[in-house]
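Owing to the predicted nature of the structure, the values given are computational and were not obtained by experimental measurement. We name chains A, B, ... by the order of the sequence lines, and we start the count at 1 in each one.
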Protein chains: 2
Amino acid sequence: MPRPKHVPADDLVLPDALAPDRPKGDQLREILENIATDAGPGRLIPSERFFAEHYQISRSTVRLVINRLVADGLLYRQHGNATFTAERPPRQIDMLTSFTEDIRSRGAVPGTKVLLALVESAGAQIAGRLNIPPGAPVFRLERLRFVDDEPLALERTNLSLDLFPGIDEYDWAAQSLHKTLEERFGVVPEWNDTAISAELPQSQDAALLEIEPSQPCLVLSGTLHASDGRVIEAGRSLYRADRYTVFTTARRSR
Amino acid sequence: MPRPKHVPADDLVLPDALAPDRPKGDQLREILENIATDAGPGRLIPSERFFAEHYQISRSTVRLVINRLVADGLLYRQHGNATFTAERPPRQIDMLTSFTEDIRSRGAVPGTKVLLALVESAGAQIAGRLNIPPGAPVFRLERLRFVDDEPLALERTNLSLDLFPGIDEYDWAAQSLHKTLEERFGVVPEWNDTAISAELPQSQDAALLEIEPSQPCLVLSGTLHASDGRVIEAGRSLYRADRYTVFTTARRSR
DNA sequence: TAGTGGTCTAGACCACGCT
DNA sequence: GCGTGGTCTAGACCACTAG
């Protein structure tokens, strides 16, 4: 008995045809994303050749789409065997998404108090982290972050004023830093680089966070980068460890 | 004056031709990886059509290679303009690489003492994290980890015995857990999922780590997954915060 | 407007693995 | 054996952008 073809399983609903007015790859991607999202992990996907024939498109087009989904971790392949749905890692949070989004996604109400917002000359350390010459103007922002009106974190961040001229003239209690960078300056955070450690807070910081100095804090220290490698911001934040946990996922690099 | 073509810059050394006996894509990938590694970020890459003509290969082949490098974060594209080298995020460490590799990469000598290695029935919590039925056999391993003969971490991890039969019969003081899983069971860690928090240690744990109970620890709690979604291990580890920092990077999902 | 990357075609042949 | 994914070709046309 010959090996059976990988046709769709009975319970797998597939559109009969693609709309002619939109990119075929996009439509196929949506179809496959739905399969991967609805089904659990390990679900068999119809073969590349099946999709090519079924939708009257080239197998190269199918492969292109599947390649991306594999790169995104939605599918995985077994050479000589088949393609399956993978389990999707939960969405990554820390530092790429803004504080506001992060807290909202955890189902709470974020709040902000600006402690400090000024322009100063970059010292050696900040200049190095921002990858700018020492003495260049730096916008320094310190904010106390609240969740449901309780203090959660003390955020200190630095941005190059040459890269973001006028960045010091916003109201950072109301405005999202990341959103402003994207909308006003067209800069999209592409990746970050964070060192996570635990420390007991200095007494002033403990007072701001309304904790005892014996209560540990998570320290998130890192830089945020654009795709061209420019450093968008360099910061160091103190989080109350009793109220905050960092969730992180890592994928094996291929 | 017409727009100049994106030919290689003068200082860019390119092999004249590809070897005929190896996949062309692989060779091109190596060439582009070298460019991306040697040059800093933001370096202009010759156009796809240039590579296609120069090496007498199809543009599709070139695109396939560049697609992967973009997915891996080594290059980035600007539609209608050009392709550039990106800054490479530093190598990801936590939990995907083994403790031994992690410590070695930090230039120190790792050590291990097995505190506990036994098989028990899965309680509700462990069963849930391992995604196995409650009561199923679980291999529980507790190890004290040393760096340069100083205690660094207390690792507690759980594995399904049904998934890895015989896993309880190795010497885990000498053997690498991840390496054994890969070599004996053909299971490759694909992604992890870690919650990072800070805590003061219980007094017994503090004693094992040779610290005061007032000294904070990093708590790494998470699961390690194979590409088919199976949970390889579920663990919770205590790291001395004065000696250990977690480095993590995240990339924007496309 | 010319050169870039983005989508897509219609094939070929190879490498691998299940039955 | 035969169906799977992996590599590769030689083109076409579209979308976008620097000069």
Side-chain angles (χ1 to χ4, degrees), chain A residues 1-9 17-30 32 43-71 75-86 186 227-228 254, chain B residues 1-9 17-30 32 42-71 74-86 186 227-228 254:
Chain A
M1 178 180 164
R3 183 184 186 188
K5 284 198 192 185
H6 290 179
V7 295
L18 301 180
D21 55 341
R22 291 179 47 220
K24 300 168 187 179
D26 289 1
Q27 297 182 63
L28 183 56
R29 179 176 175 111
E30 285 164 19
L32 285 169
R43 169 101 193 215
L44 180 70
I45 295 292
S47 70
E48 299 172 355
R49 286 168 177 88
F50 167 82
F51 281 117
E53 285 173 29
H54 184 77
Y55 289 122
Q56 294 290 296
I57 57 181
S58 164
R59 187 181 152 215
S60 312
T61 306
V62 178
R63 272 188 73 74
L64 196 63
V65 171
I66 294 186
N67 276 342
R68 291 184 197 178
L69 292 168
V70 169
L75 303 177
Y76 68 96
R77 299 198 236 237
Q78 280 180 8
H79 187 171
N81 185 6
T83 304
F84 304 89
T85 58
S227 57
D228 56 5
R254 282 159 302 277
Chain B
M1 177 180 166
R3 183 186 187 186
K5 285 196 190 184
H6 290 178
V7 293
L18 302 180
D21 55 340
R22 291 179 47 221
K24 300 168 187 178
D26 289 0
Q27 297 182 63
L28 183 57
R29 178 175 176 113
E30 286 164 18
L32 285 168
R43 168 99 192 217
L44 179 70
I45 295 291
S47 70
E48 299 172 356
R49 286 168 178 88
F50 168 81
F51 281 116
E53 285 173 30
H54 184 76
Y55 290 123
Q56 295 291 298
I57 58 181
S58 164
R59 190 182 150 214
S60 311
T61 306
V62 178
R63 273 189 73 74
L64 196 63
V65 170
I66 295 186
N67 277 342
R68 292 184 195 175
L69 292 168
V70 169
L74 281 166
L75 302 177
Y76 68 97
R77 297 198 237 236
Q78 281 180 12
H79 187 172
N81 184 9
T83 304
F84 304 89
T85 56
S227 56
D228 56 6
R254 285 160 298 277

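- For A/Arg77 and D/dG6, the shortest distance from a side-chain N or O to OP1 or OP2 is below 4.0 Å.
- Note: CG (B/Asn67) to P (C/dT7) measures 9 Å, nearest angstrom.
- The side-chain heavy atoms of B/Leu32 and B/Phe51, taken from C-beta on, include a pair separated by under 4.5 Å.
- The A/Pro23 side chain lies nearest to C/dC8 when the options are C/dC8, D/dG5, C/dT4.
- At whole-Å resolution of the value, CG in A/Asp26 and C1' in D/dC14 are 13 Å apart.
- The side chain of B/Arg59 approaches C/dG5 more closely than any other nucleotide in the set D/dT9, D/dT17, C/dG5.
- Taking every side-chain heavy atom of A/Ser60 into account, C/dA10 is the closest of D/dT4, D/dG6, C/dA10.
- Distance from the side chain of B/Lys24 is smallest for D/dC8 among the nucleotides D/dT7, D/dC8, C/dT7.
- As rounded to whole Å, 18 Å separates atom P of C/dG3 from atom CZ of B/Phe51.
- For A/Arg49, the side-chain atoms get nearest to D/dT4 when compared with the rest of D/dT4, D/dT9, D/dG19.
- Backbone-only contact: A/Ile57 has heavy atoms under 4.0 Å from sugar-phosphate atoms and none from a base.
- Contact annotation: B/Arg68 side-chain N/O to D/dT7 OP1/OP2 distance is under 4.0 Å.
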* **Dot-bracket summary - DNA chain D, pairs being Watson-Crick or G-U whose distances fall under 3.5 Å, with | when paired to another strand** => ||||||||||||||||||.

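- The interatomic distance linking A/Phe84 (CZ) with D/dT4 (P) rounds to 12 Å, in whole Å.
- Considering only heavy atoms from C-beta on, B/Asp228 comes within 4.5 Å of A/Tyr76 through its side chain.
- Counting heavy atoms from C-beta outward, B/Phe84 and B/Gln78 have side chains that approach closer than 4.5 Å.
- Put simply, B/Thr83 has a side-chain N or O that comes within less than 4.0 Å of OP1 or OP2 on C/dG5.
- Note on B/Ser47: only backbone sugar-phosphate atoms sit closer than 4.0 angstrom, heavy atoms only; bases stay farther off.
- Nearer to the 5' terminus of DNA chain C, by closest-nucleotide assignment, is the contact made by A/Gln56 (compared with the other of A/Gln78 and A/Gln56).
- Which of D/dG5, D/dT9, D/dT7 sits closest to the side chain of A/Glu48 comes down to D/dG5.
- Residues B/Asn67 and A/Asn67 form no side-chain contact, since every pair of their non-hydrogen atoms from C-beta on lies 4.5 Å or further apart.
- Taking side-chain N and O atoms only, A/Lys5 has no distance below 4.0 Å to OP1 or OP2 of D/dC2.
- Distances were taken from every side-chain heavy atom of B/His79 (C-beta onward) to each of C/dG11, D/dA15, C/dC18; the shortest belongs to D/dA15.
- Side-chain contact between A/Leu75 and A/Ile45 is present, with at least one heavy-atom pair separated by less than 4.5 Å.
- Interatomic distance, A/Arg63 CZ to A/Thr83 OG1, rounded to the nearest 0.5 Å: 8.5 Å.
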